[in-house]
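Structure first, commentary second.
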There are 2 protein chains.
Amino acid sequence: MEPAASTPSALGCALLGLLARAPSTGYDLARRMQRPVGYFWSANHSQIYPELARLGDAGLVSHEVIEGAGPRPTKRYAVTPAGMDALRAWVGSDLEAQPVRDLETLRLWSVWTVEPETARGLVLQARARHEAAMLAYAAELAEIAGLPEAQDRSHPSFASVLTLEGGLRTRRAAVDWCEWMLKRLA
Amino acid sequence: MEPAASTPSALGCALLGLLARAPSTGYDLARRMQRPVGYFWSANHSQIYPELARLGDAGLVSHEVIEGAGPRPTKRYAVTPAGMDALRAWVGSDLEAQPVRDLETLRLWSVWTVEPETARGLVLQARARHEAAMLAYAAELAEIAGLPEAQDRSHPSFASVLTLEGGLRTRRAAVDWCEWMLKRLA
DNA sequence: CCTTTCATGTAATGGGTTACATGATTCG
DNA sequence: CGAATCATGTAACCCATTACATGAAAGG
């Protein structure tokens with residue numbers, strides 16, 4: 001038994017969260033990272049494979065070799081009891097401060113240097129992006145919000161509804177903000 | 001004349017944006033990066049100094065040595081005409097796709113694994129954080145929104161009002177979302 | 001005299017993106 | 001038979017964080 005590798009990295013916690021919902025291969029995790037988790041976290045396969053190996057070394061995930069396509073053995077990963085404990089401990093620990101990094105707002109902050117026409121173009125692009133995201137979230141929400149398991153606080157769907165609702169509200173606020181800016185730029 | 005180093009990095013654009021508002025030393029840029037730009041972008045001095053050197057090599061900023069405290073010469077940086085062009089070109093170019101990275105939502109997505117009490121604690125922490133940010137934005141907005149230059153589309157304060165309004169709306173939406181979650185977790 | 005502020009740098013480490021590399025199965 | 005999908009890995013590079021390093025001026 002290794003000396004309980006403290007909390008895993010953020011990526012590690014994301015992978016534990018995915019595997020706690022359903023065991024998967026690394027390839028599958030990379031796909032699931034796009035949608036719907038990708039709405040608030042993303043990673044590609046070249047990050048995921050080494051991180052799965054680290055989680056395995058720490059005893060937080062295990063894998064079985066299954067038959068599948070490819071030059072190397074296909075592995076299906078699952079969370080171990082220790083991994084479940086680590087995930088719960090992370091969810092319950094204090095929120096870490098996270099540095100904000102918002103390129104869209106960073107640009108708008110320098111919008112005083114360009115022509116009003118250019119500024120309007122930027123805001124229109126931003127609005128289109130937020131609207132598209134809003135529609136995607138709403139569609140996903142409509143699929144699961146009505147299901148009975150979405151009412152159960154210990155079911156994954158319950159948490160999915162929470163996060164989708166958050167995304168929807170945030171994007172709606174962003175679209176409203178864009179409308180407000182367009183009025184100021186008219 | 002060098003071969004016009006394409007668009008600078010995001011950090012480079014942030015620094016150009018800061019220097020276009022007011023010439024500064026590297027130390028001062030690090031301070032200004034905290035507040036108010038830090039609401040949507042952040043960097044520390046160990047990133048800033050090398051990036052200023054790169055911007056200098058590309059001819060986008062210049063510096064003059066001034067008298068000041070410290071073992072090395074104190075330099076005040078300013079944007080060159082080429083730097084102003086690069087900043088304007090970046091603001092006017094197509095919005096790049098940015099990967100979302102939201103640790104708070106990532107945790108909530110795994111909130112089905114913990115006790116309702118723990119979940120409420122997490123949401124309360126998130127609400128407190130968003131409320132604090134909201135108050136900070138509102139205070140800053142109150143300081144500048146009334147000024148006559150904030151009405152001038154080519155004045156930096158105009159852009160500051162846009163971004164602060166955005167932050168305020170986003171944080172308000174987040175606080176409302178937290179309230180909504182608390183009702184579901186009660 | 002001690003602490004804070006001003007001031008500029010480098011080094012080590014960690015995380016993320018892009019690109020390289022390989023090969024089987026399935027569908028048209 | 002060719003393209004897409006399944007599947008797993010490594011390497012190079014870039015960006016960011018933390019820590020190391022130095023020293024003058026100002027204020028208590």
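Between B:Tyr27 and C:dT8, a side-chain N or O to OP1/OP2 separation shorter than 4.0 Å is absent. The side chain of B:Tyr49 contributes an N or O atom lying less than 4.0 Å from OP1 or OP2 of C:dT8. Contact between the side-chain N/O atoms of A:Gln47 and the OP1/OP2 oxygens of C:dG15 is not found at any separation under 4.0 Å.
Note on B:Pro50: nothing from the nucleic acid sits closer than 4.0 angstrom, heavy atoms only. Across all strands shown, B:Asn44 has heavy atoms under 4.0 Å from base atoms, whether or not it also approaches the sugar-phosphate. Across all strands shown, B:Arg76 has no heavy atoms under 4.0 Å from either base or sugar-phosphate atoms.
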Output one line per pair: protein atom, nucleotide atom from nucleotides 21-26 of chain D, and distance, for all N/O pairs under 3.5 Å.
unit_1, atom_1, unit_2, atom_2, d
D:dG23, N2, B:Gly70, N, 3.4

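For the pair B:Glu67 and B:Arg101, both in contact range of DNA chain C, the more 5′-proximal nearest nucleotide belongs to B:Glu67.
Atom CD of A:Glu51 and atom C1' of C:dT17 are 16 Å apart (whole Å). The CZ atom of A:Arg31 sits 8 Å away from the P atom of D:dA7 (whole-angstrom rounding). The CG atom of B:Leu103 sits 12 Å away from the P atom of C:dG15 (whole-angstrom rounding).
There is no side-chain donor-acceptor pair under 3.5 Å between B:Gln125 and B:His130. B:Tyr39 and B:Glu140 share a donor-acceptor pair across their side chains, judged by distance under 3.5 Å alone.
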